[in-house]
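When reading the values below, keep in mind they use all heavy atoms of this one structure, side chains included, and skip hydrogens, waters and symmetry mates.
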Amino acid sequence: MSSVSQELKDTSVASSKWLDAHYDPVANLYTFSSCIGESLLHEHLVVGDLGTGVCNMKLKVYRGTGLLSESTLLDLPTGLVSFLMDLHKPRTPAIAVASGTFIYVYKNLRPYFKFTLPSLEVNPLEQDVWSQAKEDMIDPVTLKEMLEGLRDKAEIPLSVRSLRFLMLEPQEMENFVLLQKEQPIRRQTVITCIGMLKKNMADEDAVSCLVIGTENGDVYILDPEAFTILYKMSLPSSPTLMDVTGQFDVEFRITVACRNGNIYILRRDSPKPKYCIELSSHPVGLVRMGKNVVVGCTHETLHGYTQKGKKLWTAYLPAPVTTMALMDLPTRGFQAVLVGLANCEVHMYRDKNLISTIKTPDVVTSICFGHYGREDGTLIMTTKGGGLIVKILKRTAVFDDRDSAPGPPIAQSIRLNVPSAGGYETVVVFFYAAMHRAFQMDLSRLRLAAAWAYVKALESSLTPMSASLTEPLKMNAVVQGLGPSFKLTLNIQNTAACRPVMNLAISFLYDENLYSMRTAFFKIPLLVPGLNYPIDTFVECLSDKGISDIKVFVLREGKSAPLLTAHINMPVSEGLALN
């Protein structure tokens, strides 16, 4: 039995495409793919170690599989890149580590420069509130109430100091105010991702600029020598993943995955996103492969898109994605996407085809592939338990484009090239045209039937309802009484999913010779999504003419254009109809 198992093991090792170079399960490396990379000279492995997440954050440098040096970081690293700052010889690459609001630049494994993000605009109302607290004009409880009001309504977010103050318990507020009120208020953002952009040449040893994304949705391109801001772009949401290609002086594209679940593509000629890719679930991995973008999502899927946002394919995964990286072998002209999964596997995809699977002893959290030492194809991985795995691609390894995953063959998705057959082609076109006309006819009939049903409902007051096209508002009316006095109730509802609506008012327009209303103007409270808010008023009929019009306007305070308009036909002896 032992001889058979040994023979199977030898066979699996022989058929493997990778050599197991090194595995250290207790290397104490806790990092992600954005915080691991090789120096441009391919001699060192640089890792931004997260430590425990609270302390023991370090920048570690490996040579081979041995730890060469380590430096303490003051905050959690969010990314690192290796780049060349200038053309001076000898060409020594620098390491840029993004951490908090700073970028720490190391050269020759020593601290060289620290870049600080520019401060953001501070809310002037917030400054005025803290000035009153400084002069002891308001107590801490009043300060908290005023800051809470600013937080809910102000367009400029509050500073970190104010947000921390709002989180305190009442007994802790006074000491916090005494310590902070003399200090100037600053609003600072943090770096969420970092990349590298060639300056004016595409060579591997060309000078490169740093590209950073910040929590407030800005993207900065920095000068490689002076570390000044060369270009600034804005995004609708905070960036989390970034891929950069091109040259700053010629043309470049920055592909950014944001926290709102969308992917935006920035170009040199526009400070705003050029294209937007809307995903069905949040992205957890982003890799550019040639002119296409491969995205791993939380719903255990892998998607391929063009650089203009057109979806090309979707692959379904057996487990959630933990990390992604590009596998590029320029000497063989081969590219693939490495996807780490939560089931202790690393899948290799070429387009939508699974071409290889690597089993790992633990869940992989970061992947780095490239030239390291003397080997062109070195795969470096770290695991969830802090382990370090190094594999080397065999020089005899060959990857087939054939999909190794179970399912229908690739040929099934290839469109058949049907040759032209003269009259047969004319018949097919005629059939499609007739089918389209029949579909359009049925669709028109359905729309007509829906319109007639809606008119009948309005005439019979079955659905006394009105809805806004610009705001998530819905309103219906109910009347009580036989006349000439009526109680009119308007039910207002916010139909949004999670956004409240505020600063609204209701105004009635009517003929004062025919009707009298006790209250013709109301201020509407804040509308929480999903709740019904009744507004009551009393109407007195002054004439026996029978029918008159009452118009209802829903307005936003300070705006003259109504958000919602309703037309009420109110007969003396009948019910109420709202058009």
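- Interatomic distance, CD of Glu174 versus CG of Leu179, reported as 11.0 Å (0.5 Å rounding).
- With a 6.0 Å radius and a threshold of 12 heavy atoms from other residues, nucleotides or ligands, Gln171 has its CD atom above the threshold.
- Between Phe248 and Phe252, the angle of the ring planes stays under 30°, which puts this pair in the parallel group of the 30/60° scheme.
- Within the 4.5 Å cutoff, side-chain heavy atoms of Val364 are placed close to those of Thr323.
- In this structure the side chain of Ser234 reaches within 4.5 angstrom of the side chain of Lys272, judged on heavy atoms.
- Within 6.0 Å of NZ on Lys310 lie no more than 12 heavy atoms contributed by other residues, nucleotides or ligands.
- Between Leu338 and Val287 there is no side-chain heavy-atom pair separated by less than 4.5 Å.
- Seen from the ring of Phe102, Lys114 counts as a face-on cation partner, given the 6.0 Å and 45° thresholds.
- From Leu45, atom CG reaches atom CG of Leu29 across 8.0 Å, with rounding to the nearest 0.5 Å.
- The number of heavy atoms from other shown groups lying within 6.0 Å of CZ (Phe32) does not exceed 12.
- In this structure, the side chains of Asp24 and Thr65 stay at 4.5 Å or more apart for every pair of heavy atoms.
- Using a 3.5 Å distance cut-off with no hydrogens or angles, the side chains of Gln188 and Ser119 do pair a donor with an acceptor.
- With Lys198 contributing its side chain and Asp203 its backbone, the two residues share a donor-acceptor pair below 3.5 Å.
- Contact check on Glu375 versus Arg395 returns a salt bridge, with a Lys/Arg side-chain nitrogen under 4.0 Å from an Asp/Glu carboxylate oxygen.
- Applying the side-chain contact (heavy atoms from CB on, under 4.5 Å) test between Tyr106 and each of Val61, Leu80, Leu59 identifies Leu59 as the sole match.
- Neither side chain, Thr322 nor Thr365, offers a donor N or O lying under 3.5 Å from an acceptor on the other.
- Defined by atom type and a distance below 3.5 Å, a donor-acceptor pair is present between the side-chain atoms of Arg288 and Thr255.
- Using a cutoff of 4.0 Å between basic side-chain nitrogens and carboxylate oxygens, Glu215 and Arg259 are scored as salt-bridged.
- Looking at heavy atoms from C-beta onward, Lys199 lies in side-chain contact with Asp249 at the 4.5 angstrom threshold.
- In this model, no donor atom of one side chain and acceptor atom of the other lie less than 3.5 Å apart for Asn353 and Asp351.
- No side-chain heavy atom of Val295 sits under 4.5 Å from any side-chain heavy atom of Leu302.
- Between the OG1 atom in Thr360 and the NZ atom in Lys384 there is a gap of 12.5 Å [rounded to 0.5 Å].
- When only modelled atom types and interatomic distance are considered, Trp130 and Ser162 share a side-chain donor-acceptor pair under 3.5 Å.
- Using a cut-off of 4.0 Å between Lys/Arg side-chain N and Asp/Glu carboxylate O, Glu121 and Arg187 are scored as not salt-bridged.
- You'll find the ring centres of Tyr220 and Tyr231 outside the 6.0 Å limit.
- Between Glu70 and Lys58 there is a salt bridge, since a side-chain N of the basic residue sits under 4.0 Å from a carboxylate O of the acidic one.
- Both the sub-6.0 Å distance and the 45° axial angle are not jointly satisfied by Arg350 relative to the ring of Phe399.
- Residue Lys232 qualifies as open at atom NZ: its count of foreign heavy atoms under 6.0 Å is 12 or below.
- Between Lys60 and Asp49, at least one side-chain N (NZ, or NE/NH1/NH2) sits under 4.0 Å from a carboxylate O, which counts as a salt bridge.
- Between Phe227 and Phe113, the ring center distance clears the sub-6.0 Å criterion.
- In this structure, the separation between SG on Cys276 and CG on Leu235 is 10.0 Å, given to the nearest 0.5 Å.
- Side-chain contact check for Glu126 and Ser159: at least one donor-acceptor pair (N or O, by modelled atom type) lies under 3.5 Å.
- Leu68 contributes atom CG, which lies 5.0 Å from atom NE2 of His44 (distance to the nearest 0.5 angstrom).
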Test log, rule side chain to side chain donor-acceptor pair (under 3.5 Å), inputs Thr298 and His282 = CA-CA 6 Å; Thr298 54; His282 284 271; over 6 Å; no
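- Distance alone, capped at 3.5 Å, is enough to place a donor-acceptor pair between the Arg161 side chain and the Gln183 backbone.
- One finds the OG atom of Ser33 at 11.5 Å from the CD1 atom of Ile380 (value rounded to the nearest 0.5 Å).
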